[in-house]
Amino acid sequence: RGDQFLEVASQYASTSAGQRALFLGAASLFAENRYEQAQVHYETFVRKFPDHPLAGTAALGIAACLDAQDKPDAALTAYRRVTEQFPADPFVPRSKLAMATIYEDQDRPRDALNIYDELAKGQIYGSSAMDAVNRREELLQRHPELTPTNNVSAVGSPPALTTTNLDMSPPAGAPDQ
């Protein structure tokens with residue numbers, strides 16, 4: 001399928017349909033585990049259409065391709081680029097979660113914890129926040145030395161967020177489901 005989308009992208013390159021086909025071609029190649037090829041087409045999309053509404057998602061695709069190719073340092077740089085170049089993109093939290101996962105794989109638990117804390121505080125009702133809270137709990141179980149305490153050395157540290165103390169109730173005045 002990826003090749004079919006890319007054929008349409010080539011034939012209709014100057015149209016919005018061609019732009020979408022290029023993005024869909026890259027996404028299809030990724031789904032087909034053809035990560036190097038997908039990366040090339042995501043890079044082409046971002047380069048040619050930096051202001052397109054899908055440019056941030058394509059940049060995330062580049063990072064995911066690098067991650068899938070087991071290039072963690074390059075992936076980390078690409079995920080960071082997503083957060084810096086496309087800060088309003090709805091996939092920024094997913095990019096940050098991926099960065100935290102790489103940090104965990106690189107035995108950098110404090111860096112991962114910082115991201116989990118940031119996400120948990122910033123999007124109380126989002127799925128990324130819940131993922132961050134869950135991953136944070138798992139990380140603290142593996143690295144209890146990172147658990148915040150109430151002693152003087154932890155002044156200024158955020159309180160521990162857990163699923164038991166995270167208020168997941170709807171806002172006041174919200175209609176009942």
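Predicted, not measured: the structure shown is a model, and the values here were computed from it.
Considering all non-hydrogen atoms of both residues, T83 and S95 come closest at CG2-OG, 4.0 Å. Among all heavy-atom pairs drawn from F30 and A68, the shortest one is CE1-CB, 4.4 Å. The shortest non-hydrogen separation linking A21 to A9 is CB-N, 3.7 Å. Annotation for A75 and A63: closest pair CB-O, 3.8 Å, computed over non-hydrogen atoms. Closest approach of A64 to Y79, counting heavy atoms only: CA-OH, 3.5 Å. A pairwise comparison of heavy atoms in L119 and A132 identifies CB-CB, 3.7 Å as the closest pair.
Atom CZ of R94 is separated from atom CG of L60 by 10.0 Å, given to the nearest 0.5 angstrom. Of the inter-residue distances, the one linking H52 atom NE2 with F23 atom CZ reads 9.0 Å to the nearest 0.5 angstrom.
Side-chain contact between D70 and P72: present, with at least one pair of heavy atoms (C-beta onward) separated by less than 4.5 Å. Between L113 and E104, the closest side-chain pair of non-hydrogen atoms is not below 4.5 Å. Between V40 and E36 there is no side-chain heavy-atom pair separated by less than 4.5 Å. Residues T101 and R135 form a side-chain contact, since some pair of their non-hydrogen atoms from C-beta on lies under 4.5 Å apart. Side chains of R20 and V8 form no contact here, defined as non-hydrogen atoms less than 4.5 Å apart. With contacts defined as side-chain heavy-atom distances shorter than 4.5 Å, the pair R136/V133 does not qualify. Side-chain contact between K48 and Q19 is absent, with no heavy atoms from C-beta onward closer than 4.5 Å.
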One pair to check against salt bridge (charged side-chain N to carboxylate O under 4.0 Å, His left out): R34 and D3. What are the steps and the verdict? CA-CA 11 Å; R34 295 164 61 188; D3 295 327; 3.2 Å; yes

Might you work through the side-chain contact (heavy atoms from CB on, under 4.5 Å) test for F49 and L22, ending with a clear yes or no? CA-CA 11 Å; F49 313 110; L22 177 58; 3.9 Å; yes

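Defined by atom type and a distance below 3.5 Å, a donor-acceptor pair is missing between the side-chain atoms of Q37 and E32. Using a 3.5 Å distance cut-off with no hydrogens or angles, the side chains of Y116 and N114 do not pair a donor with an acceptor. Looking only at atom types and distance, the side chain of Q106 has no donor-acceptor partner in the side chain of D111 under 3.5 Å away. There is no side-chain donor-acceptor pair under 3.5 Å between E137 and Q141.
When each of L54, T57, I62 is checked for a side-chain contact (heavy atoms from CB on, under 4.5 Å) with V46, only I62 meets the rule. Here the options are V82, T77, L76, the test is side-chain contact (heavy atoms from CB on, under 4.5 Å), and the partner is M99; only L76 passes.
For R108, the CZ atom counts as densely surrounded, since its 6.0 Å shell holds more than 12 non-hydrogen atoms of other residues, nucleotides or ligands.
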